[in-house]
Amino acid sequence: MIDALQDAWNMGQGWLFEVLVQPALYALGLMEWAEDAFEWMNFALFGVVQVLVIYAVCRPLEAWKPVEPRTDGRSIRTDVFYTVLTRLGLLPLLAFIAFASLGAWWEASVADSGWVPPTLETLFPILRDWPLLALAVYIVVLDFGEYWRHRFQHTFGWWWALHSIHHAQRQMTFWTDDRNHILDDVIGAVWFGGIALLIGVPPGHFPIVVLVLRLAEALSHANVRLSFGRVGERLLVSPRFHRLHHSELAPGEEGRNYGVLLPVWDWMFGTADFRRDIFRPTGESSLPEALATGGWWRQQVLGLRRMGAALLGRG
């Protein structure tokens, strides 16, 4: 099934490239960039798919049973801009450059040393015969990595200065998932991609893993009064579970409910709060007002200034 999906994706990408991108490159005299453009197009198209899937799942839920009315349209539009830039614009380009460089460096280092690094499939050969099991294992391992990245964002002052842009939003919706400082996004992409390289996630599995975790993150930020019940709340992160993470009950370093997909990590490491009757307002009041209501550029600049102050011990 995974191979069939990958074949269909490759065919669609190839057709779009031949019909839309290649003629434009030829007309502009940029055919020497054709190979790079084809590879970058993979990231951009995948961003489109992510946005469409997330919107199709989350927007009806928000319309069905919202926690609160949408009153701050300007703030939400800023979050939409974050998503467009992150999934369809700058981040795909940065991710292409970062992963191409990281992958080339890794392959060259391995080739020069003669050492064959272990992967999950070499350590557990059964995964080669059970691709769906392998996919599930990759998701669990990368979700564990994302839990710790999220905790570190709240632990280190310089990193919190960047991540606090995300926590300043008082009108949280599924668009809020992408409300991050661009430097924070780059760090996250290298973190996630580095773990994927280390455990040997195959190219065909990687986009599915990303889509599953991205959908889980977007749903957890959705403005929907939704809990998964006493048992379900301990199996999957729900909008209620994660909303508490964005409330005044879990500020900064006192954060709770860091999990992206699986709450088990919060339970194991003592950061879980399973109070199911709570749908509190979001947004950390101690943060500068500009982080909550300022535009994208203002938030990015202020994030860098706050990071610099934290590194210098002034924040």
Side-chain angles (χ1 to χ4, degrees), residues 43 46-47 50-51 53-54 57-58 82-83 86-87 91-92 94-95 98-99 102 119-120 134-156 158-160 162-167 169 172 174-202 205-222 228 233-246 250 252-253 255-273:
F43 286 90
F46 185 55
Q50 289 182 66
V51 173
V53 170
I54 289 167
V57 172
C58 296
Y82 269 101
T83 295
T86 299
R87 300 299 155 191
L91 192 62
L94 292 174
F99 284 128
L102 188 61
T119 65
L120 289 183
L135 178 64
V137 171
Y138 294 135
I139 290 172
V140 170
V141 173
L142 285 164
D143 186 59
F144 181 63
E146 287 298 277
Y147 167 82
W148 280 106
R149 179 174 71 89
H150 197 178
R151 282 197 67 173
F152 292 153
Q153 287 174 314
H154 286 252
T155 301
F156 301 109
W158 66 268
W159 209 342
W160 169 249
L162 299 176
H163 185 56
S164 58
I165 293 175
H166 183 71
H167 278 264
Q169 177 59 285
M172 197 167 77
F174 67 91
W175 298 109
T176 306
D177 177 36
D178 289 314
R179 182 191 179 94
N180 303 301
H181 196 281
I182 192 168
L183 180 56
D184 200 3
D185 274 334
V186 171
I187 294 171
V190 173
W191 176 286
F192 190 88
I195 295 176
L197 280 175
L198 285 174
I199 64 177
V201 179
H205 286 71
F206 186 76
I208 301 175
V209 173
V210 172
L211 183 58
V212 168
L213 294 179
R214 280 282 295 112
L215 180 57
E217 278 193 294
L219 178 60
S220 71
H221 289 86
F228 294 159
E233 289 276 296
R234 286 159 173 78
L235 299 177
L236 293 172
V237 170
S238 72
R240 186 226 54 84
F241 184 84
H242 191 70
R243 188 176 181 88
L244 188 141
H245 174 75
H246 279 261
E253 294 183 8
R256 293 290 183 271
N257 300 2
Y258 293 102
V260 172
L261 177 67
L262 305 174
V264 64
W265 315 125
D266 285 293
W267 175 75
M268 288 175 61
F269 298 103
T271 57
D273 189 333

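Keep in mind that the numbers below use all heavy atoms, side chains included, and drop hydrogens, waters and symmetry copies. Throughout, residue positions are numbered sequentially from 1 according to the sequence presented.
Residues Asp177 and Ala218 come closest through the heavy atom pair OD2-N, 3.8 Å. Among all heavy-atom pairs drawn from Phe206 and Ala196, the shortest one is CE1-CB, 3.7 Å. What you find for Tyr138 and Gly200 is that their closest heavy atoms are OH-O, 3.7 Å. In plain terms, the two heavy atoms of Ala222 and Pro239 that are nearest each other are O-CB, 4.1 Å. When every heavy atom of Thr155 is checked against every heavy atom of Arg151, the shortest pair comes out as OG1-O, 2.7 Å.
For Glu233 (side chain) and Phe228 (main-chain N/O), a donor-acceptor pair under 3.5 Å exists by modelled atom type. The main-chain N or O of His242 is never found under 3.5 Å from a side-chain atom of His246 such that the two would form a donor-acceptor pair.
Considering only heavy atoms from C-beta on, Val209 comes within 4.5 Å of Phe192 through its side chain. Residues Thr86 and Asp185 are in side-chain contact: their nearest non-hydrogen atoms beyond the backbone lie under 4.5 Å apart. No side-chain heavy atom of Glu146 sits under 4.5 Å from any side-chain heavy atom of Ile195.
In this structure, CZ on Phe152 lies 9.5 Å from OH on Tyr147, to the nearest 0.5 angstrom. The distance from atom CH2 of Trp267 to atom CG of Asn257, rounded to the nearest 0.5 Å, is 15.0 Å. Taking NE2 from His154 and NE2 from His167, the interatomic distance works out to 3.0 Å, rounded to the nearest 0.5 Å. Asp266 contributes atom CG, which lies 9.5 Å from atom CG of Asp273 (distance to the nearest 0.5 angstrom). Taking CZ of Arg214 as the reference point, atom CD1 of Ile54 lies at 3.5 Å (rounded to 0.5 Å). Note: Phe241 CZ to Arg234 CZ = 9.0 Å, rounded to the nearest 0.5 Å.
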request  = Step by step, work out the side chain to side chain contact (heavy atoms under 4.5 Å, CB included) result for Arg149 and Trp159.
outcome  = CA-CA 10 Å; Arg149 179 174 71 89; Trp159 209 342; 3.9 Å; yes

message = Could you walk me through whether Leu236 and Leu261 satisfy the side chain to side chain contact (heavy atoms under 4.5 Å, CB included) test, starting with their C-alpha distance in whole Å, then the side-chain angles of each, then the deciding distance to 0.1 Å, before giving a yes or no?
response = CA-CA 6 Å; Leu236 293 172; Leu261 177 67; 3.9 Å; yes

task = Please step through ring-ring contact (aromatic ring centres under 6.0 Å, His included) for the pair His245 and His166, ending with a clear verdict.
result = CA-CA 11 Å; His245 174 75; His166 183 71; 7.9 Å; no

query = ring-ring contact (aromatic ring centres under 6.0 Å, His included) between Phe144 and Trp265: does it pass, once the steps are laid out?
reply = CA-CA 7 Å; Phe144 181 63; Trp265 315 125; 4.8 Å; yes

Verdict with supporting geometry, Leu213 and Asp143, side chain to side chain contact (heavy atoms under 4.5 Å, CB included) = CA-CA 7 Å; Leu213 294 179; Asp143 186 59; 3.9 Å; yes

task = Apply side chain to side chain contact (heavy atoms under 4.5 Å, CB included) to the pair Phe46 and Leu211, showing each step before the final yes or no.
result = CA-CA 9 Å; Phe46 185 55; Leu211 183 58; 4.2 Å; yes

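A salt bridge does not link Asp184 to Arg179: none of the charged side-chain nitrogens sits closer than 4.0 Å to a carboxylate oxygen.
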